[in-house]
Asks: 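Here's a structure for you.
Only this structure's heavy atoms are used, side chains among them; waters, hydrogens and symmetry mates stay out. Counting convention: from 1, in listed order, for ligands and their atoms alike.
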Amino acid sequence: MARNRRVLLLPGDGIGPEVVGQARRVLEGLGTGFEIEEGQVGGASIDAHGTPLTDATLARAKAADAVLLGAVGGPKWDKLDFANKPERGLLRLRKELDLFANLRPAICFAALVEASTLKPEVVGGLDIMIVRELTGGVYFGQPRGIETLANGERRGVNTQVYTTSEIRRVAAVAFELARKRGRKVCSADKANVMESGVLWREEVQKLHDETYGDVELGHMYADNCAMQLVRDPKQFDVIVTDNLFGDILSDEAGMLTGSLGMLPSASLGAADASGFRRALYEPVHGSAPDIAGREIANPIAAILSLAMMLRYSLDMAAAADHLESAVRRVLDGGARTADIMGPGKVQVSTARMGDLVMGELTKQAA
Ligand code: NAD
């Protein structure tokens, strides 16, 4: 008999518990075969244990098949020093699980095409995936710091640094994804002005030529990529890029679709000998303290993050497809949480949106 899959839910702060609560209902609705656990992270963990991530919770995350996180942070913990803030819990989780590949899909649902600031013909049917390197580059490179020079001036330093293996492992994730999608990868760098960019470009090309000749590979300077994303985003299938450029380009791509409440993400680690990868799934949005506790948050980003978990960690691609199409049909039917509300649509609460998605899933199963 197949063993149960262990899923750890870390709802976190603000609207985190509200939206993860709906994702949990959907997961439970998928039937048996899951061992669902819950833990604390961020401000919730600070309040309970005095630290944003306990060693015990980290150990549970390491032992799980996959982790679904809500969001962390909020005004209550804003005055804590940097090392003790809720966000440190999330950063530690990403670092300890060695989650080096961040996947951010940008999909424009037909029913929400009007929510984008771009013209419907530019974004309608958009389905792209940004793969951002998450554990290297300028956010981690040494030396770093702020120093005072002999003349009294201050100098801030960060170092952009990548090794061959760091580039190859994230590029491999992008090529593998492309094989299951449109077989097209665009690698974005600044090889025109940065040596680390020259290395990035050479290594991505080399890996392609060695192993992924069946995937079309193009290279683009990251600034041009930023322009192309708003000019003609549908030219892309998978974009792979480093930590810094990926931070910016993935936010830009996400916003093409119009709403923060709709954007899921996945962060993946290296595959072991059996093919298993550690993975953390989370909505892109934060804890939204301005609407927390009002039952109006959009749970779709969390539910679509669960769909990514089914696809990438639990080997349940068909269930992921069903879940994504259930969400699409709910939107086609006109239900909207407040953040995506439009003329002639029906405004629903967080829980009601969960009900409707579950209802569509049940209809498909019948
Ligand atoms: P935010 O994403 O929490 O909110 C930005 C705006 O979008 C708010 O007006 C909010 O109401 C709205 N919004 C966000 N998610 C929504 C949803 N699901 N449904 C409806 N509306 C939604 O960003 P912020 O306001 O800059 O940050 C708030 C807190 O969240 C801060 O403490 C920040 O550090 C933290 N944060 C955490 C994460 C994370 O956990 N990954 C990410 C970003 C921000």
Asks: Mark up the atoms of ligand 1 that fall under 4.0 Å of a heavy atom belonging to Gly74, in ascending order.
Replies: 32 (O)
Asks: Just which atoms of ligand 1 are under 4.0 Å from any heavy atom in Ile15?
Replies: 15 (N), 16 (C), 17 (C), 18 (N)
Asks: What protein heavy atom lies closest to atom 44 (C) of ligand 1? Include the residue and the distance to one decimal.
Replies: Gly286 CA, 3.5 Å
Asks: Scan Arg179, Lys184, Arg181, Lys180 and name whichever one has a salt bridge (Lys or Arg N to Asp or Glu O under 4.0 Å) with Asp237.
Replies: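 So the option named by the test is Arg181.
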Asks: What pair of heavy atoms forms the shortest contact from Tyr281 to Ser313, and how long is it?
Replies: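 Answer, listing the atom of Tyr281 first, then Ser313: OH-OG, 2.7 Å.
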Asks: If we ignore angles and hydrogens, is there a donor and acceptor under 3.5 Å between the side chains of Tyr139 and Asp247?
Replies: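 Short answer, yes.
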Asks: Assess whether a salt bridge exists between Arg201 and Asp189, defined as any Lys/Arg side-chain N lying under 4.0 Å from an Asp/Glu carboxylate O.
Replies: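 Judged by the 4.0 Å cut-off on N to carboxylate O distance, Arg201 and Asp189 do form a salt bridge.
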Asks: With a cut-off of 4.0 Å, which atoms of ligand 1 are near a heavy atom of Ala297?
Replies: 19 (N)
Asks: Regarding Arg183 and Glu216, does a basic nitrogen lie under 4.0 Å from an acidic carboxylate oxygen?
Replies: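 Glu216 and Arg183: not salt-bridged.
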Asks: Just to be sure I'm reading this right: ignoring hydrogens, which of Gly42, Ser287, Pro283 gets closest to atom 29 (C) of ligand 1? Compare them by their nearest heavy atoms.
Replies: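 Looking at heavy atoms only, Ser287 sits closest to atom 29 (C) of ligand 1.
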Asks: How close do Met308 and Ala266 get, heavy atom to heavy atom, and via which atoms?
Replies: CE-CB, 3.7 Å
Asks: Asp78 to ligand 1: N or O pair under 3.5 Å?
Replies: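 No, there is no polar N/O contact under 3.5 Å.
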Asks: For the pair His208 and Phe175, name the ring-plane relationship: parallel under 30°, tilted 30 to 60°, perpendicular over 60°.
Replies: tilted
Asks: Protein heavy-atom contact under 4.0 Å for atom 19 (N) of ligand 1?
Replies: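 Given the 4.0 Å cut-off, atom 19 (N) of ligand 1 counts as touching protein heavy atoms.
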Asks: Applying a heavy-atom cut-off of 4.0 Å, say which part of Leu90 lies close to ligand 1: side chain, backbone, both or neither.
Replies: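 The answer is the side chain.
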Asks: Which residue supplies the protein heavy atom nearest to atom 25 (O) of ligand 1, what is that atom called, and how far is it?
Replies: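 Of every protein heavy atom, Pro289 CD, 4.7 Å lies nearest to atom 25 (O) of ligand 1.
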Asks: Please report which non-hydrogen protein atom sits nearest to atom 40 (O) of ligand 1, along with the residue it belongs to and the distance in Å to one decimal place.
Replies: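 Closest protein heavy atom to atom 40 (O) of ligand 1: Val72 N, 2.9 Å.
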Asks: What do we get for Leu69 next to ligand 1 when only non-hydrogen atoms under 4.0 Å count, side chain, backbone, both or neither?
Replies: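 Answer for Leu69: neither.
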Asks: Which pair of heavy atoms, one from Glu203 and one from Ile167, lies closest together, and at what distance?
Replies: CB-CG2, 3.8 Å
Asks: Among Asn298, Ile291, Val41, Val284, which one has a heavy atom closest to atom 21 (N) of ligand 1?
Replies: Ile291
Asks: Are any non-hydrogen protein atoms located under 4.0 Å from atom 34 (O) of ligand 1?
Replies: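 Yes, there is one.
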Asks: For atom 12 (C) of ligand 1, tell me which residue out of Ala71, Gly89, Ala288 has the closest non-hydrogen atom.
Replies: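 It is Ala288 whose heavy atom sits nearest to atom 12 (C) of ligand 1.
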Asks: Is it true that, when you exclude Asp315 itself, more than 12 heavy atoms of the residues, nucleotides or ligands shown sit nearer than 6.0 Å to its CG?
Replies: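 Atom CG in Asp315 is not packed in, count stays at 12 or less.
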